[in-house]
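Whatever order the structure lists ligands and atoms in, that order sets their numbers, starting from 1.
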Amino acid sequence: MKKIAVLGSTGSIGTNTLELADKLKDSFAVVGLAAGSNTPLLIKQVEKFRPKVVSLKTREDALKVRDHFKNLSLRVVHGPEGAEEVARFEDNDIVVSAITGIEGLRPTLSAVRAGRRIALANKESLVVAGVILQAEARVSGAEIIPVDSEHSGVFQCLAKEQKAQVKKVTLTASGGPFFKTPLLEIGAKSVEEALIHPRWKMGKKVTIDSATLMNKGLELIEAHWLFGLAPAELDVLIHPQSIVHSLVAMRDGSVLAQLSATDMKIPIQYALTYPERANSMLPPLDLSRVGPLEFYEVDEQKYPLLPLARKALEEEQSLPVALNAANEAAVTAFLSKRIGFSSIADIVRRTMDKHTLIEVGSLEAVFEVDKETRAQAEELIKQRF
Ligand code: MG
C-alpha cells in the first residue's frame, strides 16, 4: 500500500488524483491533503479518505475544519508552513504537487528534501528553481515524475532509451481558444472567452496560460530541467486535437510519440503507478473516431509569449523567475478584468526588458526576484488605467 499526499487537493489535478486514489484504493491510501480555501470540498474529501493531516490557506478555515472533525484524530494545519508539513509528513510515499504558481515551490521542495516520489504538476517550481530542486533531489534520492501530459509523454517515450540518442523533443500545444481567431481580433477577447478551452478542463491560471501559449513556454523550461535537454533540442508544435502529447525524435530518424485521450487522469495515474501500469478508468482511445490529427508551426506574432519564454530558457539565471512573476501578475490582472488579453504579453515583455540578470542559487534569491518583478509588473498594470 502506497501512501499519498495531495497538495492542491481541491483543484483540477487534485480532484482527478483523488478519483484515481478511490478507484485504486487497494494500492493507494490518502494520508495528507493541502487545500486553499475551498473548505466545503476539503471536508467532503476528509470524510471520504480519512487522511491523517490536512492544511488550509487560512487559520480561520483550519479552525472550521478542526471543529467539524473534533472527534477524529486529524491534524489540521494552515498557511504555507502547513502545506510544507503535509508535503514532508512522515508517512508519505508519493506527494502529488498540484498547487498552482510559485506558491507550490516551498511545499514541492519540502517533499524533495524528504526524499519522496513527487508526481509533479506544479511546473512553476521547476521553472523558477529547477537548479535547486534537481540538486536537492540528487542529495535526498527524491524521484520527480512529471504529471504534465506532454512531459509524461516524453518520460514514457524515454523509458527504454538513452538520452544521448535523442535529437529533439517536441511538445504539442492545442493552440487554445484563439487558434483560429484572426490576430487583430485577439486583443478584444474577454476573460470568459479566454477561459473556454477547446480540449482540456483545467484551473483558470493554466487555461489563460494555454490561450497565450505561455503554458507551453513554461513547459519548455520544465522539460529542460526534467530531461536535461538544451534549448536547441526543444520545440513546440500546435496540434489542435491534443491526442499526441509529445514527440521524441531519435538520432536515427525514428520519432516516438505518446498518444492518449485528452484527460489528465492518464498522466496522473502513470506518475502514481510508475514503473507499473494499472487499468484505465477511461474508454480506450479510438483513432478512427478522433478524425484527422493536424500539426502546425507556431505563429509567434499571435503567441508573443512563447519567444519570450524561449529567451528566458536560453538566458537562464533569474530571467525565468522574472518571466513567471510578470506572467502571474498579468494573468491575475486579466482575470480580475484590470487589463485586456493582449496586455498580458505587453506586461511580461516590458517587465523582462527592465530586468537585470542575477544568479539565483538559493530559495531566498528566487523569492526576492519574484517579489521585485511582481512589483514592477504591478506598476505597469496600474499605468494601463
Ligand atoms: Mg501540459
Original post:
Going by atom types alone, do Ser318 and His355 pair a side-chain donor with an acceptor below 3.5 Å?
Top reply: yes
**OP:** Identify whether the distance between the nearest side-chain nitrogen and carboxylate oxygen of Lys311 and Glu314 falls below 4.0 Å.
**Re:** no
Relative to the Mg ion (ligand 1), which of the N, O or S atoms in [X] is the closest?
X      : value
Asp148 : OD1
Glu150 : OE1
Glu219 : OE2

Subject >> Polar side-chain atom of Glu233 near backbone of Ala230 as donor-acceptor pair, under 3.5 Å >> reply: yes
**OP:** Mark yes or no for whether Ser246, through its side chain, and Val154, through its backbone, hold a donor-acceptor pair below 3.5 Å.
**Re:** yes
